[in-house]
Structure formats: C-alpha cells, structure tokens
Amino acid sequence: MAIPNVGQDPSMEVALATKMQLVLDQPMSDISTKLVNKDFEGDFFKIGDTVSIVKPVPESIAVEIGELNGNVLASNADNVGQVGKQKDERLVATDASFTKTTLQIDKYAKYAFILSDITKAEGKWNYESGNLDLAAQQMRKMHNVLTAQAIVTNAEIRAQQVTEGLKLGTPAAPIQLANADELYEKILVPMHSALYDRGAITADGQITYGSNPQEGKATKGAMFLPAKAYNCFLTSKYFTDRSTTAADDKVATANVAKVLGLEVNVEPALDPKAKRHVTVDGIAEDTLIIVAGTSNCVTRANKVLTPDSFRSHTRFGTEFHGLEIFGEKVFTPEAAVVAYIKLPE
C-alpha cells in the first residue's frame with residue numbers, strides 16, 4: 001500500500017497540474033496547435049462526460065448582389081438571374097443558425113515517475129517541475145500522432161476529395177513524383193487551392209472563420225510533411241531558381257516555413273516508417289503522407305487532473321502519478337486535405 005505524503009501542501013499538486021496543462025496547450029508549430037481548436041462549451045471532470053460543440057452555418061446569412069434595376073447577379077438564395085428586390089427594399093432576414101453537437105471525454109493519458117532520495121541533486125521543485133515538463137512533451141507528441149491518425153483515416157475527408165476530383169493519391173495508389181518540383185506543382189498547390197475553394201482559407205492562407213482561444217490568434221493554415229518530403233521540397237526550383245543570396249535569405253529569415261501563405265512544418269508521424277507513426281490500412285510501400293488544413297478541423301477538450309504523490313513502498317523516493325482526460329474529433333472535414341505521395345526514385 002502506498003503511503004501518501006501526509007501534511008504536504010496540496011497546492012504543490014495543483015501547481016504541477018496547472019503547469020502540465022499550460023505545456024499541453026501552449027502554441028507550438030505542431031498539429032496540436034495548427035490543426036486543433038478548443039472551441040467547446042461546458043466543463044468536464046471524468047471519463048464519460050460530454051461538452052457541446054457549436055459551429056456557425058454560413059448559409060444562414062442572407063446575401064444578395066444585384067444591379068440597380070433589380071437584376072440579381074449573385075445570391076445564396078438560388079435566385080441569380082431573376083428580378084430581385086427593389087433597390088431600396090430590404091432582404092428578408094433569417095435567424096443566424098448554428099449546429100450543436102457533443103464531444104465525449106473518452107480517452108486518457110497517464111504519466112508516472114519517481115524522484116529518488118539518493119540520486120536527487122537539485123531542489124524538489126526543480127526536479128518535479130522538470131520531469132513534469134518531460135512528461136507533458138512526450139504526451140504532446142502522442143497527441144500529435146493521434147490527431148494525425150484521426151485526420152488521415154477520416155472517411156469524410158477522403159470522400160470529399162473524391163467528390164472534388166482532387167488528384168492527391170490514395171493510400172494504395174500514391175502520386176509518384178518524377179522530381180522535386182512536382183511536389184510543389186502537383187501536391188502543395190492543389191492542396192492550397194482546395195482549402196481556398198472550400199472557403200477554409202483566403203488566398204494568402206488566412207483562416208476565414210473560427211479561432212483557437214487557447215492560442216489567442218489562429219490566423220494561418222498549415223501544411224505538415226514528413227522529414228523526407230520536406231528535404232525533397234528544399235531541393236525544388238522553389239528555392240534553386242532563386243539567386244544564392246535570395247535563397248539564403250529565404251532560409252535565414254525563416255520564410256522557408258511558409259508556402260502559399262500556409263505555414264510548413266515537419267511531422268515525423270506522417271512517415272509510416274518513422275518510430276512513431278500513423279497507421280493507414282492498405283498503404284503502399286514507401287508512401288509518405290502530407291496534411292494541410294486549419295485549426296477548425298479538429299476539436300479537442302482536455303484537462304490535466306491533480307497528480308498523486310506518495311512515498312514509494314519499494315524504493316527510497318517519492319512517486320508521482322498523473323492523468324489527463326480528453327476527447328477529440330474531426331468536426332470540420334472541409335478544413336483539411338490529405339495527400340499520399342512517393343518521392344522521386
């Protein structure tokens with residue numbers, strides 16, 4: 001039986017839980033920031049609880065553009081080409097609509113570590129805090145893999161790309177690139193265009209609706225490539241056609257991290273041969289996956305519970321055990337595009 005730290009100030013555990021929550025939620029250039037939002041209503045305390053997800057319906061807002069003689073030129077009411085309202089007559093307003101669904105808290109992440117009485121060399125807070133930070137970073141990497149898995153295997157995202165006629169490959173039949181330039185021309189450009197055509201982003205990659213309150217500002221869409229695809233992109237004419245000075249300046253000023261207005265980031269999990277990776281049924285050998293989208297794609301609700309600490313009954317030291325509960329789901333499939341490629345041989 002574990003012996004609790006009797007008399008210990010409980011505010012220490014609360015502070016540790018708060019720190020881990022901050023690490024898990026802080027803005028980074030990863031999937032958990034760029035493709036995930038926390039736009040939910042309500043609170044939760046245990047596995048099985050639910051929160052509400054509310055999304056606006058853009059079509060519920062009446063819009064009409066016409067000529068002064070009453071001819072309708074553009075409208076979302078299917079009356080283009082007809083004689084519309086008089087120039088001084090108001091549109092018939094309708095209530096702004098919203099869809100409301102629920103997200104269940106159905107997943108958990110555990111962590112544990114021991115601070116030895118013998119090997120401990122620094123102050124207690126530094127060691128607890130440092131190990132907690134390591135645990136949070138590892139959990140965040142696992143979150144990125146799980147979120148990427150949810151996106152690349154989402155049936156609605158796949159079906160939408162088929163309906164739109166996007167030629168971005170499939171798991172079983174990836175796009176074979178003949179050279180590095182085709183990665184930009186055949187993959188990155190169409191992915192950007194698809195998001196723009198759907199209204200998920202503007203022409204310069206800005207997000208057109210929705211936000212991530214945790215980040216404070218979620219204004220850009222993003223692309224995620226495995227390292228091999230990223231390295232291939234750096235050898236394309238997008239860089240080599242520039243003068244040496246211009247190319248060096250683009251890399252030195254970090255502009256290499258933005259293409260077509262979309263931020264470009266490396267996500268190792270999109271390579272099925274990486275140590276930690278997504279799993280896609282029937283994926284062809286040597287296939288790499290590329291994901292582009294915005295933070296409107298996935299909604300996640302997570303909470304770090306107060307950890308337990310107690311004297312170990314097998315070692316001279318203190319054990320720390322903690323738990324995060326969460327739920328997440330792809331709520332806006334229009335906000336993501338997935339491509340399957342094979343690099344030039």
Decide yes or no for [X] and [Y]: does some side-chain heavy atom of the first lie under 4.5 Å from some side-chain heavy atom of the second?
| X | Y | value |
| --- | --- | --- |
| V291 | V152 | yes |
| N37 | F331 | no |
| I47 | D49 | no |
| Q104 | K329 | no |
| F224 | I290 | no |
| Y108 | L323 | yes |
| K258 | V264 | no |

With a 3.5 Å cut-off and no angle check, do the side chains of [X] and [Y] form a donor-acceptor pair?
| X | Y | value |
| --- | --- | --- |
| H143 | Q138 | no |
| N296 | T332 | no |
| R158 | T153 | no |

### Task
List, by chain and then residue number, the residues other than V162 in its hydrophobic cluster (Ile/Leu/Val/Met/Phe/Trp/Tyr, side-chain heavy atoms under 4.5 Å); write none if there are no others.
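Besides V162, the hydrophobic cluster comprises nothing; the residue is isolated.
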
Quick check: closest heavy atoms across [X] and [Y], and the distance to 0.1 Å?
| X | Y | value |
| --- | --- | --- |
| T170 | Y340 | O-CB, 3.5 Å |
| I289 | P226 | O-CD, 3.1 Å |
| C297 | L35 | CB-O, 3.8 Å |
| V338 | L168 | O-CB, 3.9 Å |
| S295 | T33 | CB-O, 4.0 Å |
| I341 | A229 | CD1-CB, 4.3 Å |

[atom2] on [Y] to [atom1] on [X], rounded to 0.5 Å:
| X | Y | atom1 | atom2 | value |
| --- | --- | --- | --- | --- |
| L225 | L188 | CG | CG | 6.0 Å |
| L183 | L177 | CG | CG | 6.0 Å |
| C232 | L343 | SG | CG | 5.0 Å |
| D106 | L103 | CG | CG | 7.5 Å |
| L288 | L270 | CG | CG | 9.0 Å |
| L260 | M191 | CG | CE | 11.5 Å |

Is there a chain of hydrophobic side chains (I, L, V, M, F, W, Y, each step under 4.5 Å between heavy atoms) that links [X] to [Y]?
| X | Y | value |
| --- | --- | --- |
| V304 | L146 | no |
| V145 | V23 | no |
| L134 | L24 | no |
| V337 | F233 | yes |
| I201 | V189 | yes |

### Query
Counting heavy atoms not belonging to E156, are there more than 12 under 6.0 Å from its CD?
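Counting neighbours around CD of E156, 12 or fewer heavy atoms of other residues, nucleotides or ligands fall under 6.0 Å, so no.
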
### Query
Would you say K107 has more than 12 foreign heavy atoms packed within less than 6.0 Å of its NZ?
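Yes, the 6.0 Å shell around NZ holds more than 12 heavy atoms from other groups.
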
### Query
With the threshold set at 4.0 Å, does a side-chain nitrogen-carboxylate oxygen contact exist between K273 and D286?
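Counted as a salt bridge, because a side-chain N and a carboxylate O are separated by less than 4.0 Å.
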
### Task
Would you mind checking if E263 and K34 are paired as a salt bridge, meaning a charged N to carboxylate O distance below 4.0 Å?
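So K34 pairs with E263 through a salt bridge.
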
Taking only residues two or more places apart in sequence, or in another chain, which ones meet [X] in a salt bridge (charged side-chain N to carboxylate O under 4.0 Å, His left out)?
| X | result |
| --- | --- |
| E345 | none |
| D133 | none |
| R276 | E267 |

### T299/E328 under side-chain hydrogen bond (donor to acceptor under 3.5 Å, both in side chains): CA gap, chis, key distance, verdict
CA-CA 5 Å; T299 299; E328 71 175 25; over 6 Å; no

Output yes when a side-chain donor or acceptor of [X] lies under 3.5 Å from a complementary backbone atom of [Y], and no otherwise.
| X | Y | result |
| --- | --- | --- |
| R198 | A335 | no |
| E182 | A178 | yes |
| T147 | N144 | no |
| K342 | E285 | yes |
| E324 | N302 | no |

### Query
After noting the C-alpha distance and the side-chain angles of L115 and N131, does the key distance pass the side chain to side chain contact (heavy atoms under 4.5 Å, CB included) rule?
CA-CA 9 Å; L115 296 183; N131 280 278; 3.6 Å; yes

### Query
Yes or no on ring pair (Phe, Tyr, Trp, His ring centres under 6.0 Å) for H321 and Y111, after CA distance, side-chain angles and deciding distance?
CA-CA 6 Å; H321 293 256; Y111 65 91; 8.6 Å; no

### Task
Using the ring-ring contact (aromatic ring centres under 6.0 Å, His included) rule, collect all pairs that involve residues 258-292, keeping only residues at least two apart or in two chains.
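Sorted result for residues 258-292: empty, none.
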
### Task
Scan residues 147-199 for pairs that pass ring-ring contact (aromatic ring centres under 6.0 Å, His included), counting only residues two or more places apart or in two chains.
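Qualifying pairs, neighbours excluded: Y184-Y238.
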
### R311 vs E319, salt bridge (Lys or Arg N to Asp or Glu O under 4.0 Å): CA-CA, chis, key distance, verdict
CA-CA 6 Å; R311 294 295 297 173; E319 294 191 24; over 6 Å; no

